[in-house]
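Structure first, commentary second.
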Amino acid sequence: MSIADLWVIAEPSGDGVTSTSKELITGARRLGATVTAVSWGLHGDDIAEIVGSFGAQRLMDLGDIGAVLPAGVVASTVSSLLGDDTPDAVLIPASNDGRDIAGRLSAQLDLPVLTNVTGLRGGDELLTEHPVFGGTQTVLARSRASSPGLIVVRAKSFVAEDTAGARAQRVAVSPTSSSSRSATIRASHVEERSGPALEDAKVVVSGGRGLGDAASYELIEELARLLHGAPGASRAIVDAGWVPYSHQVGQTGKTVKPDLYIACGISGATQHMVGMKGASNIVAINKDPDAPIFSICDFGVVGDVQTVLPALIAALKARS
Amino acid sequence: MNVVVCVKQIPDPASPQSFDDTNRLNRTGKLVLDEADTYGVEVALRLVEAAGEGEVSLVSMGDATDVSALRSALAMGAMRAAIVSDPVLRGADALTTAKALAAVISRETPDLVLCATESSDGYTGTLPVQLAQLLDLPALTFATSVVVEGDTVVVHRQTEAGYDEVVAQLPAVVTVTAGVVAPRYATFKGIMAAKSRPVTVLSVADLGLDAASLDARQDVVAVETVVTKTAGEKYVDDGDGAARIVAFLERIKVLSVSPS
C-alpha cells in the first residue's frame with residue numbers, strides 16, 4: 001500500500017492562497033498522491049488555477065463563509081465530506097487558522113493530530129518528521145488511528161514548485177454550519193510595514209534582548225533597510241512589547257530561510273533557532289561568547305550590538 | 001464572572017530536555033508552572049476584578065505527586081484547582097488531554113475558559129480548540145487583548161498582517177499569547193492563602209470517562225540525531241567587528257566587493 005490520496009487545506013490569501021498552502025500541495029504531489037485542495041472565500045475561480053498549477057487535481061471550494069473565524073465551518077464541512085471520500089491524510093498549514101482547523105477536525109472526527117511537522121516520508125505508510133530539542137533531533141512518528149491522519153505542517157518545510165499543472169477541477173461544496181457558535185471578525189487592522197515581507201526576504205536582520213531597549217530596534221530596521229532585507233525579532237522582545245508579533249521569528253512566530261540572517265543580541269533559545277536555522281548564512285553578534293547562537297552561525301562577532309551595529313551601518317552607508 | 005484557566009506543570013524549561021526509554025519527554029525532575037499559563041491566570045484575575053464578582057479556578061492534568069506549581073497560580077489569586085491524574089493518562093496526546101479537561105470543565109458552568117496558545121514543553125497548540133469543540137463553545141485564539149462586553153467577549157487576535165477584532169457570545173474558549181499582560185507576583189499573603197485553597201485530584205473513573213477512549217494513538221517510530229552545521233568563524237570585537245562582517249558579506253556576495 002502506498003500513499004494514494006492526500007487533501008491539503010489551502011488557506012486563502014488575497015486573491016490566491018498562502019505560500020505555505022502551495023508548499024503543502026507540492027509536498028503532497030511529491031509523495032505521488034492524488035491531491036485535493038480545500039479552500040474557501042470569494043476567489044475560488046483563481047484558486048482552482050493556482051492549486052492546479054502546483055499539482056492539485058481537485059479543489060473543494062466552500063465559497064463565501066462570511067466574516068467568521070473559519071475553523072468551525074471549514075472543519076465541519078471537511079468532516080462531512082470525509083464520510084464517503086477518505087484520504088490517507090489531511091495536510092494543514094501551521095498558521096493560526098490552520099491550527100484552529102486541525103483542533104476542530106481532531107475533536108469532531110475523534111482522531112489525533114500530528115503537529116509541528118517539518119517533513120513527510122511516504123512508502124508503505126505515512127511518517128511525519130518533528131524537530132525536537134531545538135532541532136538537534138528529529139522524531140519520526142505515525143498515527144495509529146484510522147484514516148485520515150491529521151497533519152499540521154510548518155511553513156517552509158517544502159519548497160513550493162509551480163509545475164504549470166492543469167487547472168484543478170472545482171467542486172462547489174456547501175459549507176456545513178458548525179455546531180459550535182462561531183466567532184465573528186468585527187474589524188481587521190493592518191500594521192504598516194515597508195520593504196520585503198519577513199518570510200520572503202533574502203536578508204533578515206533580527207534583534208533580541210541584547211539590544212538593551214526598544215528604541216535600539218531602530219538599528220535593526222536601518223541595517224535591514226541598507227541590506228534590502230526585513231527586520232525580525234526574538235520572542236523575548238515581542239513579549240516585552242518592543243515590536244509587534246508580525247516581526248517574530250521562531251517556533252511561535254515565522255519560519256524564515258533567507259540567504260543571510262543576522263542575529264543581533266539574540267542568545268539563540270531553542271524557540272528562536274527552530275525558525276531560522278535553515279538560513280544559508282548566519283551572522284551573529286552577541287556579548288556572551290557562550291551564547292548558543294554561536295554554535296550554529298557561520299560568522300560570529302563577540303561584542304556589544306550597541307557598538308558593532310552603528311559601525312556596520314556607517315560602513316554600509318559609506319559604500320552606497 | 002467565573003473563569004476557568006487551563007494550566008500545566010512542566011519540567012523546568014531552563015534544564016536540558018531529554019526523552020525517557022519510551023521516547024516520551026522526561027518529566028522526572030521538579031515541575032514548574034508553565035510561564036505561558038501565567039498570562040491566562042493574570043487575564044482571568046483582571047476580568048473577574050473588572051466584573052466585581054465571581055472567581056478564577058484552575059484545571060490541569062498530569063502527575064499530582066507535587067502540586068506546588070499549581071499552588072503558585074493559586075498564590076496569584078485563583079481560588080481552587082482540579083487536576084486529573086491517572087496512570088492510564090500517561091503518554092496522553094492532546095485530544096485525550098482535551099477530553100479529560102473537558103470532563104472537568106463541564107461539571108461547572110464557567111463564563112470563560114482561558115488557555116495559553118500552546119504549552120512550553122510540548123508546543124502542540126491544538127488542545128484549546130479541541131476543548132472548545134468538545135464543550136461545543138466558540139474559540140477565540142491567539143488573543144493579545146481580552147475584554148468582556150455584556151454577554152460577549154471581544155479579543156484582538158494576532159494575524160500575519162496585524163490583528164483582527166473578534167467577538168463571540170459567552171461562554172467561550174479564549175487562548176492568550178505570552179506577553180499580553182504582566183503577570184502579578186504572588187504576595188506573601190497570597191502564598192499563605194494558597195496553602196489552604198483546595199486542590200482536587202481526580203481520576204478517570206471520578207470523571208466517568210471510559211479509559212479505553214483515552215488511549216494514545218500516535219507512535220514514535222524513531223528518534224534521529226540531526227547533523228547540524230558546525231560553528232563557523234568567531235571573532236572578539238576589537239573595534240574591527242563591523243569591518244569583518246562587511247568582509248564576510250562580500251565573501252558570500254551579499255555585498256559586491258568594495259572597489260577600494
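The sequence lines fix the lettering, A, B, ..., with proteins before strands; numbering per chain opens at 1.
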Counting only non-hydrogen atoms closer than 4.5 Å, does [X] touch chain B with its backbone (N, CA, C, O), its side chain (CB onward), both, or neither?
{"X": "Thr252(A)", "answer": "both"}
{"X": "Asn96(A)", "answer": "both"}
{"X": "Leu309(A)", "answer": "neither"}
{"X": "Val308(A)", "answer": "both"}
{"X": "Ile185(A)", "answer": "both"}
{"X": "Lys254(A)", "answer": "side chain"}
{"X": "Glu199(A)", "answer": "side chain"}
{"X": "Ile285(A)", "answer": "side chain"}
{"X": "Thr115(A)", "answer": "side chain"}
{"X": "Leu316(A)", "answer": "side chain"}
{"X": "Pro244(A)", "answer": "neither"}
{"X": "Ala315(A)", "answer": "side chain"}

Counting heavy-atom pairs under 4.5 Å with chain A, which one of [options] comes out on top?
{"options": "Pro171(B), Ala243(B), Ala182(B)", "answer": "Pro171(B)"}
{"options": "Thr124(B), Leu127(B), Val129(B)", "answer": "Val129(B)"}
{"options": "Val153(B), Val223(B), Thr117(B)", "answer": "Val223(B)"}
{"options": "Ala222(B), Gly125(B), Gly162(B)", "answer": "Ala222(B)"}
{"options": "Thr126(B), Ile245(B), Leu134(B)", "answer": "Ile245(B)"}
{"options": "Ala94(B), Gly241(B), Gly232(B)", "answer": "Gly232(B)"}

Which one, [options], leads in non-hydrogen pairs under 4.5 Å with chain B?
{"options": "Leu312(A), Thr138(A), Val301(A)", "value": "Thr138(A)"}
{"options": "Pro112(A), Ala240(A), Ala311(A)", "value": "Pro112(A)"}
{"options": "Gly241(A), Ala141(A), Gly303(A)", "value": "Ala141(A)"}
{"options": "Asp110(A), Leu105(A), Thr18(A)", "value": "Asp110(A)"}
{"options": "Ala71(A), Ser188(A), Gly149(A)", "value": "Ser188(A)"}

Between [atom1] of [X] and [atom2] of [Y], what distance do you get to the nearest 0.5 Å?
{"X": "Ser76(A)", "Y": "Gln133(B)", "atom1": "OG", "atom2": "CD", "value": "6.0 Å"}
{"X": "Phe248(B)", "Y": "Ile262(A)", "atom1": "CZ", "atom2": "CD1", "value": "9.5 Å"}
{"X": "Thr184(A)", "Y": "Asp164(B)", "atom1": "OG1", "atom2": "CG", "value": "11.5 Å"}

**Prompt:** Between Ala183(A) and Val166(B), which heavy-atom pair has the shortest distance, and what is it?
**Reply:** CB-CG1, 3.6 Å

**Prompt:** Can you name the nearest heavy-atom pair linking Ser182(A) to Ala168(B), along with the distance?
**Reply:** O-CB, 3.9 Å

Under a 4.5 Å heavy-atom cut-off, does chain A meet the side chain of [X], its backbone, both or neither?
{"X": "Leu249(B)", "result": "side chain"}
{"X": "Val154(B)", "result": "side chain"}
{"X": "Val254(B)", "result": "side chain"}

**Asked** Taking 4.0 angstrom as the limit, do Glu224(B) and Arg121(A) come out as a salt bridge?
**Response** yes

**Request:** Anything in residues 95-106 of chain B with a heavy-atom distance to chain A below 4.5 Å? Please list those residues in order.
**Result:** Leu95(B), Lys99(B)

**Message:** Taking 4.5 Å as the heavy-atom cut-off, does anything in residues 139-147 of chain B contact chain A, and if so which residues?
**Reply:** Ala139(B), Leu140(B), Thr141(B), Phe142(B)

**Beyond-backbone contact of Arg157(B) with Asp97(A), side-chain heavy atoms, under 4.5 angstrom** = yes

**Request:** Report yes or no: does Arg319(A) contribute a side-chain atom to a donor-acceptor pair with the main-chain N or O of Ser256(B) at less than 3.5 Å?
**Result:** yes

**Prompt:** Do any pairs count as a salt bridge (charged side-chain N to carboxylate O under 4.0 Å, His left out) and have a residue in residues 231-243 of chain B, sequence neighbours left out, and if so which ones?
**Reply:** Glu233(B)-Arg251(B), Asp240(B)-Arg244(B)

**Message:** Do Gln130(B) and Ser106(A) pair up side chain to side chain, a donor and an acceptor below 3.5 Å, judged on atom types alone?
**Reply:** yes

**Prompt:** Can you name the ring-ring contact (aromatic ring centres under 6.0 Å, His included) partners of His189(A), sequence neighbours left out?
**Reply:** Tyr163(B)

